Protein chains: 2
Amino acid sequence: MSEAEEQRDGRQSLAHRVPDLAALELLLAVARLGSLGAAAREVGVTQPAASSRLRSMERQLGVALVDRSPRGSRLTDAGALVTDWARRVVEAAAAFDAGARALRDRRDSRLRVAASMTIAEYLLPGWLLALHAERPDTAVSLLAGNSAKVAELLLTGEADLGFVEGLNVPTGLDSTVIARDRLIVVTAPGHPWARRRRPLTAQELAGTPLILRERGSGTRQVLDAALGGLARPLIELSSTTAVKASAVSGAGPSVLSELAVGEELAMRRLVSIPVEGVSLRRDLRAVWPTGHRPTGPARELLSLTRG
Amino acid sequence: MSEAEEQRDGRQSLAHRVPDLAALELLLAVARLGSLGAAAREVGVTQPAASSRLRSMERQLGVALVDRSPRGSRLTDAGALVTDWARRVVEAAAAFDAGARALRDRRDSRLRVAASMTIAEYLLPGWLLALHAERPDTAVSLLAGNSAKVAELLLTGEADLGFVEGLNVPTGLDSTVIARDRLIVVTAPGHPWARRRRPLTAQELAGTPLILRERGSGTRQVLDAALGGLARPLIELSSTTAVKASAVSGAGPSVLSELAVGEELAMRRLVSIPVEGVSLRRDLRAVWPTGHRPTGPARELLSLTRG
DNA sequence: ATGAGGGCATAAGCTGGTCTTATGAGCGAG
DNA sequence: CTCGCTCATAAGACCAGCTTATGCCCTCAT
């Protein structure tokens with residue numbers, strides 16, 4: 001997106017076109033409580049501030065969001081839609097906060113969690129959010145690394161609870177399966193594979209260069225094992241995001257966790273290619289040093305991950 | 001969340017603990033470009049402003065995000081994690097913007113889209129984002145309603161392209177399948193059904209009161225048809241969000257689009273219950289008045305939805 | 001009928017954050 | 001050795017948003 005194009009659009013980055021988080025939270029409160037004043041009280045400002053904030057949000061969006069009446073305020077149709085989109089933004093922000101909070105409390109924490117990248121990115125923020133809702137006083141810290149790193153942190157006592165996504169549990173650790181993940185083959189919608197009628201065979205997959213995470217990543221391990229160590233890299237990238245971006249741009253097929261590509265599949269930026277004869281399921285496990293059954297906050301978090 | 005509890009946590013709503021969108025965008029730019037100054041230029045501020053913004057973000061989060069050096073800046077490990085979470089927030093904000101933009105351009109638009117609620121909520125913002133990337137000048141408007149409303153808007157010429165999720169295509173409209181959706185049975189993880197070994201039968205499902213959207217919604221139609229008009233409501237609610245919230249809180253089983261519950265399933269706030277003997281698949285279709293094949297921007301959008 | 005109370009809008013003044021410009025200091029390459 | 005890139009700091013301007021203080025409208029109960 002060039003500057004020239006920004007000029008032409010008359011826009012200056014999202015931040016100027018999307019209301020800030022405080023305003024979005026206010027909108028959600030109004031939707032829930034049905035009154036500007038009540039919403040103002042909930043978010044901790046005065047009623048005029050809320051009134052003005054809401055008004056400027058409507059001006060910014062160019063759409064009326066709430067019908068004000070002398071006995072309360074209700075969302076307009078457009079307001080209901082906007083509120084749903086706002087809720088997503090606020091949820092993402094809450095997940096951000098849960099993660100950041102855990103990161104911040106590194107030093108003086110009582111529950112120290114070590115997790116592999118995919119879990120830290122896609123699942124942990126949500127769990128931490130739930131944990132915080134139930135035990136608001138728990139200070140959590142978060143360290144991310146591959147399976148070996150997680151094992152090391154647990155065994156040296158630098159972490160209380162770990163989450164790994166590999167096939168085998170590192171020695172010295174006990175574990176329990178908390179969820180199952182599936183690796184799926186994805187391509188951009190224009191790729192020839194997207195038009196296949198029959199599932200891909202293991203041989204075809206093994207014979208095709210793929211966009212992959214680097215060796216040593218949990219994802220790569222599972223794939224190598226499933227194919228018998230044969231996965232051929234077309235490109236090797238060091239983050240899931242980079243792999244996704246390459247795949248979306250049509251650079252080639254990739255194999256990724258279904259956790260990571262939900263959004264892309266829904267929006268059809270990527271399509272999932274069925275495969276037969278290969279088991280790409282993998283267990284996501286919570287791990288802890290053998291014998292040291294999780295207790296206290298660790299046990300609490302563990303129970304949340306299993307529902 | 002009471003005020004007292006807010007006191008105790010020392011927090012004052014997300015907005016005070018999460019950096020604003022401008023800061024998050026700056027962080028993404030720094031991550032991508034590897035330089036504070038370059039990132040500053042990209043987001044359209046001076047370098048000192050970027051420096052200060054980043055510093056205050058680090059202070060706010062209590063974590064160092066980038067390693068500055070005389071020849072550039074790189075993310076720290078924590079920074080990489082934070083950047084991924086930030087990316088989610090920014091993506092949600094971009095989707096919000098795409099939707100809001102469409103809503104705003106209602107009057108003077110060139111492409112007027114009518115869509116059913118589920119599609120408008122979960123899919124359209126992403127498509128509009130993609131459309132905007134390819135054709136930045138296209139002004140799009142968005143109207144949401146049920147299938148009948150969409151048909152009416154198309155037939156009266158008030159909309160150019162529609163999206164519906166029902167079983168049958170309203171008369172007078174041509175259509176094409178753009179994606180498939182599946183309704184899934186979900187419960188809170190504590191529900192007895194979550195521990196079943198065998199799939200649910202159609203009879204069991206039909207015999208159990210469910211948390212549902214109101215009659216007339218696309219979701220409800222499909223379910224009623226699949227069960228032979230027998231779905232028994234436990235509660236009827238008017239928004240997908242409300243239904244999800246009830247299901248998560250354990251009020252009972254529900255049937256929802258898999259589009260709507262991806263996040264909840266991943267975080268195990270809900271679990272999916274297999275069902276046999278019922279086809280809960282449904283086609284998502286683009287529709288237009290018979291004979292009036294989509295052209296111009298409508299055609300463009302259509303092609304994006306199919307990849 | 002008439003006041004009490006809740007709901008929202010407007011006005012005026014203050015405060016604080018954030019931007020800009022200007023400048024300095026470290027490091028590497030020509 | 002000096003140019004060019006990086007980032008940091010300082011000082012001042014500016015603007016957005018808050019609070020307090022009102023006023024109007026509507027409803028409900030006395």
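Reminder, nothing fancy here: chain letters follow the sequence lines and each chain counts from 1. Remember, it's a predicted structure, so these values are computed and weren't measured experimentally.
In this structure, Arg55(A) does not reach the dC8(C) phosphate: none of its side-chain N or O atoms is under 4.0 Å from OP1 or OP2. For the OP1/OP2 pair of dA8(D) and a distance below 4.0 Å, the side-chain nitrogens and oxygens of Arg68(B) include at least one atom meeting the criterion. Distances shown here put every side-chain N or O of Arg71(A) at or beyond 4.0 Å from the OP1 or OP2 atom of dG5(C). An OP1 or OP2 oxygen of dT19(D) is reached within less than 4.0 angstrom by a side-chain nitrogen or oxygen of Thr46(A). The phosphate of dA9(C) (OP1 or OP2) has no side-chain N or O of Ser52(A) nearer than 4.0 angstrom. Of the side-chain N and O atoms in Arg74(B), none sit less than 4.0 angstrom from OP1 or OP2 of dC7(D). One finds no side-chain N or O of Ser51(B) lying less than 4.0 angstrom from the OP1 or OP2 phosphate oxygen of dC7(D). Close to dC7(D), at under 4.0 Å from its OP1 or OP2, lies a side-chain N or O of Ser73(B). For the pair Ser69(B) and dT6(D), the criterion of a side-chain N or O lying under 4.0 Å from OP1 or OP2 is not met.
As rounded to whole Å, 13 Å separates atom P of dC18(D) from atom CG of Leu36(A). Summarising the geometry, the separation between CG on Asp20(B) and C1' on dA16(D) is reported as 13 Å, rounded to the nearest angstrom. The CG atom of Leu26(A) sits 13 Å away from the C1' atom of dG17(D) (whole-angstrom rounding). Atom pair Arg53(A):CZ and dT10(C):P shows a separation of 18 Å (rounding to whole Å applied). When the C1' atom of dT18(C) is taken as reference, atom CD of Gln60(B) falls 14 Å away, rounded to whole Å. Leu54(A) has its CG atom 12 Å from the P atom of dC18(D), to the nearest Å. Atom CD of Glu58(B) is separated from atom P of dC7(D) by 12 Å (rounded to the nearest Å). In this structure, Arg59(A) atom CZ and dT10(C) atom C1' are separated by 15 Å, rounded to whole Å.
Contacts of Ser56(B) with the nucleic acid, taken as non-hydrogen atoms under 4.0 Å apart, are absent.
Between Trp127(A) and Phe163(A), the angle of the ring planes lies from 30° to 60°, which puts this pair in the tilted group.
Each of Pro70(A) and Pro48(A) was matched to the nucleotide of DNA chain D holding its nearest heavy atom; the match closer to the 5' end belongs to Pro48(A).
Between Glu263(B) and Arg88(B) there is no salt bridge, since none of the side-chain N atoms of the basic residue sits less than 4.0 Å from a carboxylate O of the acidic one. Note on Lys244(B) versus Glu91(A): no salt bridge recorded, every NZ/NE/NH1/NH2 to OD/OE distance being 4.0 Å or above.
Considering only heavy atoms from C-beta on, Pro19(A) comes within 4.5 Å of Leu61(A) through its side chain.
Atom CG of Asp67(B) has more than 12 heavy atoms from other residues, nucleotides or ligands within 6.0 Å.
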